[in-house]
Amino acid sequence: MNAPTIAITLPDGTTLEVPRGSTPRDVAERIGPGLARAALAAEVNGEMVDLDRELEEDAALRILTQRDDEALPLLRHSTAHVLATAVRELHPEARIGFGPAIEEGFYYDFGVEEPFTPEDLSAIERKMAEVVESDHPFERRVVTKEEARELFSDDPLKLERLEEFEDEEVISVYRDGPFLDLCLGPHVPSTGRIGHFRLLSAAGAYWRGDERREMLQRIYGTAFFSGNDLDAHLKRLEEAKRRDHRVLGRELDLFTMDSRVGSGLILWQPAGSVIRREIEDFEQELILRHGYEIVYTPHVVSEKLFEISGHLENFAENMFGAMEVEGGRFRPKPMNCPGHICIYQAAQRSYRELPIRYAEFGTVYRYERSGVLHGMLRVRGFTQDDAHVFCTEEQVSDEVRRLFDLVDEMLATFGYPYTIALATRPEKSLGSEEQWDRAEGDLRSVLEARGLEYELDEGGGAFYGPKLDFQLIDAIGRKWQGPTVQLDFNLPERFGLEYVGDDNERHRPVMLHRVLVGSMERFIGGLIEHYAGAFPLWLAPEQVRILPVSEQWTESAQELVTSLTEAGIRARLEDRDTLGYRIREAETRKVPYMGVIGEREAGDGTVAVRRRGGGKKQDVMPRGEFIERLTEEVRSRARG
RNA sequence: GCUCUGGUAGCUCAGUGGUAGAGCGCUUCCUUGGUAAGGAAGAGGUCGAGGGUUCAAUUCCCUCCCAGAGCUCCA
């Protein structure tokens, strides 16, 4: 016979005896009225549940309030239900799809005849406020499949989902006021707990993400516990828009596109080319110091190469079509690795040569569907800072260690913090278990030896080897794909790579693919947004603009421009229009330094230096000192 | 590729069934300036392309091209 009470263990280790069938809300009230008021949901034995779920057994319990990390997704999911509630009030015919919380908010998909207009969104938002005002409780009910079929008889999309439930699965539905949804939960106690939300956009989305299925209309929104958090989020969205690399790219003449050239193909203007060349020079210097050798491979190669590499089999849908030349078929390369392998195979390799590290700024072409193209971030032609390391299995961990040194130096220069994910063996994979264990162990031990935190992406590796992914965090907290290190057991096999060991036997080397920036296009697109177009001195296309106060000081100003140019500084004279106008122009062009030359400066050989964004503040200094300071700032690649 | 939205001057955008406008930029002239816009004049448009309706289409309709927001996918 069950005892009449159960023991509830709280996070601080204390235990409460409560009657069987008590709810987390009861427990919260036992702990204190403040907590009871703040409570949103609970975690029982690691499972998230509603506050009024009855507890039948001893359990570990944690009351969730808005201070807990899990609370925000909960709030957003509940807000999605409020959205659906409002849509159903205004458009009773709308069929309901799914409405989950996502990283920055939530969405809900609806089957409607006409897409939602901005006016619809406003009306829906107002209706949502009414739903919140009504403070409907979220009520959970467990139903049988048969009951559920009845309840959702008018909701074909829900019925489809319903049929996928296994017989023994618990089917729960949630009601808030007039709206009923098939939902796993949990939810906040009532719609009144939802305070600060905003609908952001509407767009088409395939039912269940399948492009062969019907297109539904998705409404995106976000929600927060406090108005301040919502405002901060909306400001961040504004800020992201302000930093859009496509807008800044045009304003600053960094890059352009031309439909005559083709979609997804970047034309680098001189200013953007300066940035790219500086980064390439920096990286080249870096990798030469780290023992790489630079190679070059052709852009168009025989299709036979991609038969051997397997690209034709596995990557064809991302490759440009073949061109026929004298009966042979050729393709623009989508990756650089096969070419590097051929260079490796140009000679018989001895263990004494390994590791061999080939690097190339290799331009590759990939077919991307027109709808996915986006500025410089998603293109059809891009240049990878690609490298391939051929080494023995024993050398892998040392090579990975060296890569970390490279990555650290590289990313610190741009001011990117980063996170790391280790992606391990997927279900379908190539190579022996020992090989994988060893490779993953190598990666792991390097991470641990460095004391680096990392996420584990279980089963996220490619079929041909585990990998490390670095994610960059930019100036406004967004994540970008950064360096990757990929072990490859496949290509050495396919190409039959060999080296002669100290035992005079032939062995198979391991191959590492790695990129630091990934693609120059994507990286620089991201960098434009990271710096909001205000590049540090070493990258700035124009580093100094020299402004004579009036034309009579042009000659003196020109002398300074010449000295700067001779010192390797990108400097330009600007002497038309008024000084105020030219200063404004230099500021909007985000030139890091302005040097003003007037009667005083021309007289005593100084320059009045004004820093970008520094307002009226100016620093008068001897010209030699100015040049020295700039040279040092460039040399150290200061982040400025 | 799909859904939706859009395409008017170099850029950002307004506008109309009777062959077109603003601001910025550009050119020229005046102004010779001291730290985020001195003044004036001027040039610049096949109103994305093709077809249809109409006395008349940049405007209404259809097709196509291009771009954007999503979906799916990726460096």
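In what follows, every heavy atom counts, from backbone to side chain, and hydrogens, waters and symmetry copies are set aside. Proteins get letters first, then strands, A, B, ... in listed order; numbering begins at 1 in each. A quick note: this is a predicted structure, and the numbers were derived from the prediction, not measured.
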Q.
Please list, in numerical order, the residues of residues 258-266 of chain A that have a heavy atom closer than 4.0 Å to any atom of RNA chain B.
A. A/Ser263
Tabulate atom names and distances for all N/O pairs under 3.5 angstrom spanning the protein and nucleotides 69-72 of chain B.
{"residue": "B/A69", "atom": "OP1", "partner": "A/Arg246", "partner atom": "NH1", "Å": "3.2"}
{"residue": "B/A69", "atom": "OP1", "partner": "A/Arg246", "partner atom": "NH2", "Å": "3.1"}
{"residue": "B/A69", "atom": "OP2", "partner": "A/His374", "partner atom": "ND1", "Å": "3.4"}
{"residue": "B/G70", "atom": "O3'", "partner": "A/Tyr220", "partner atom": "OH", "Å": "2.9"}
{"residue": "B/G70", "atom": "O2'", "partner": "A/Gly204", "partner atom": "O", "Å": "3.3"}
{"residue": "B/C71", "atom": "OP1", "partner": "A/Tyr220", "partner atom": "OH", "Å": "2.9"}
{"residue": "B/C71", "atom": "O2'", "partner": "A/Tyr206", "partner atom": "N", "Å": "3.3"}
{"residue": "B/U72", "atom": "O2", "partner": "A/Arg369", "partner atom": "NH1", "Å": "3.2"}

Q. Counting any heavy atom closer than 4.0 Å, what does A/Gln486 reach on the DNA or RNA strands: base, sugar-phosphate only, or nothing?
A. nothing
**Q.** Pairwise C1' distance for B/U46 and B/U5, with rounding to whole Å
**A.** 25 Å
Q.
Quick check on ring pair (Phe, Tyr, Trp, His ring centres under 6.0 Å): which of A/Trp480, A/Phe523, A/Phe535 does A/Phe414 satisfy it with?
A. A/Phe523
Q. For the pair made of CE in A/Met376 and P in B/A75, what is the distance, rounded to whole Å?
A. 18 Å
Q.
Please determine whether any donor N or O and acceptor N or O are separated by less than 3.5 Å between the side chain of A/Glu587 and the base of B/A37.
A. no
Q. So does A/Glu574 pair up with A/Arg572, basic N to acidic O under 4.0 Å?
A. yes
Q.
Just to verify, what does A/Glu160 make a salt bridge (charged side-chain N to carboxylate O under 4.0 Å, His left out) with, not counting sequence neighbours?
A. A/Arg208, A/Arg213
Q) Among residues 546-558 of chain A, which contact RNA chain B at a heavy-atom distance under 4.0 Å? A) A/Val549, A/Ser550, A/Glu551
Q: Figure out the CZ/C1' separation between A/Arg600 and B/G33, and round it to whole Å.
A: 14 Å
Q.
From CD1 of A/Ile524 over to C1' of B/A75, roughly how many Å is that when rounded to an integer?
A. 13 Å
(Q) Is it the case that the side chains of A/Ser370 and A/Ser263 hold a donor-acceptor pair, with the cut-off being a distance below 3.5 Å and no angle test? (A) no
(Q) Students often get this wrong, so: under 4.0 angstrom with heavy atoms, is A/Gln217 touching a base, only sugar-phosphate, or nothing? (A) sugar-phosphate
Q.
Within the 3.5 Å criterion, strictly below it, is a donor on A/Trp207 or A/Asp109 matched to an acceptor on the partner's side chain?
A. no
Q. With a 4.0 Å cut-off on heavy atoms, is A/Val515 in touch with a base, just the backbone sugar-phosphate, or nothing at all?
A. nothing
(Q) Checking A/Phe306 now: which residues fulfil ring-ring contact (aromatic ring centres under 6.0 Å, His included) with it, not counting sequence neighbours? (A) A/His311
Q) Where does RNA chain B form stems of at least three consecutive Watson-Crick or G-U wobble pairs, each pair having both distances below 3.5 Å? A) B:1-7 with B:65-71, B:10-13 with B:21-24, B:26-30 with B:38-42, B:48-52 with B:60-64
(Q) Using the side-chain heavy atoms of A/Ser370, tell me which of these nucleotides is nearest: B/G1, B/C74, B/G34. (A) B/G1
Q) Below 4.0 angstrom, N of the basic side chain to O of the carboxylate: do A/Glu280 and A/Arg277 qualify? A) no
Do any side-chain atoms of residues 460-470 of chain A form donor-acceptor pairs under 3.5 angstrom with protein atoms, and if so which ones, sequence neighbours left out?
{"residue": "A/Asp469", "atom": "OD1", "partner": "A/Gln481", "partner atom": "NE2", "Å": "3.4"}

Q: Give the rounded distance in Å between these two atoms: CD of A/Glu574 and C1' of B/A36.
A: 15 Å
Q) How far, in whole Å, is B/C29 from B/A43 if one measures between their C1' atoms? A) 14 Å
Q: Mind checking salt bridge (charged side-chain N to carboxylate O under 4.0 Å, His left out) for A/Arg545 and listing every partner two or more places apart, or none if nothing turns up?
A: A/Glu542, A/Glu585
**Q.** salt bridge (charged side-chain N to carboxylate O under 4.0 Å, His left out) partners for A/Arg250, two or more places apart
**A.** none
Q: Go through the structure and list residues passing salt bridge (charged side-chain N to carboxylate O under 4.0 Å, His left out) with A/Glu283, not counting sequence neighbours.
A: none
(Q) When you measure from the side chain of A/Gln217 to the backbone of A/Phe110, do you find a donor-acceptor pair of N or O atoms at a distance under 3.5 Å? (A) no
Q: Please measure how far the P atom in B/U31 lies from the corresponding atom in B/G45, and state the result in whole Å.
A: 32 Å
Q) Is a side-chain donor-acceptor pair under 3.5 Å present for A/Thr419 with A/Glu455? A) no
(Q) Side chains of A/Tyr418 and A/Asp408 only: does a donor on one sit below 3.5 Å from an acceptor on the other? (A) yes
Q.
Suppose you measure atom P in B/U63 against the same atom in B/C71; what distance do you get, rounded to whole Å?
A. 27 Å
Q) Using a distance-only test with no angle check, is there a side-chain donor-acceptor pair under 3.5 angstrom linking A/Arg198 and A/Thr79? A) no
Q) P atom, B/A57 versus B/G51: distance in rounded Å? A) 12 Å
**Q.** Interatomic distance, A/Leu527 CG vs B/A75 C1' [rounded to whole Å]
**A.** 16 Å
Q: Please report, rounded to the nearest Å, how far the C1' atom of B/A67 is from the CG atom of A/Leu377.
A: 16 Å
Q: Compute both the distance and the angle, then confirm whether A/Arg212 meets the cation-pi test with A/Tyr206: under 6.0 Å from the six-membered ring centre, within 45 degrees of the axis.
A: no
Q. Could you give the CG-to-C1' distance, from A/Leu216 to B/C4, as a whole number of Å?
A. 14 Å
**Q.** Sequence neighbours excluded - salt bridge (Lys or Arg N to Asp or Glu O under 4.0 Å) pairs with any residue from residues 254-263 of chain A
**A.** A/Asp258-A/Arg260
Q. What integer number of Å spans the P atoms of B/C66 and B/A49?
A. 15 Å
Q. In whole Å, what separates the C1' atom of B/G17 from that of B/C47?
A. 14 Å
Q) So what does A/Ala608 hit on the nucleic acid, given a heavy-atom distance under 4.0 Å: a base, only sugar-phosphate, or nothing? A) base
Q.
If I take atom CZ in residue A/Phe110 and atom C1' in nucleotide B/U3, what distance separates them, rounded to the nearest angstrom?
A. 17 Å
Q) How far does the P atom of B/A9 sit from the matching atom of B/A22, given to the nearest Å? A) 14 Å
Q.
Please tell me whether A/Thr383 and A/Arg276 have a donor and an acceptor in their side chains that are separated by less than 3.5 angstrom.
A. yes
Write out a two-atom table: protein N or O, nucleotide N or O from nucleotides 22-26 of chain B, distance below 3.5 Å.
{"residue": "B/G25", "atom": "OP1", "partner": "A/Tyr581", "partner atom": "OH", "Å": "2.6"}

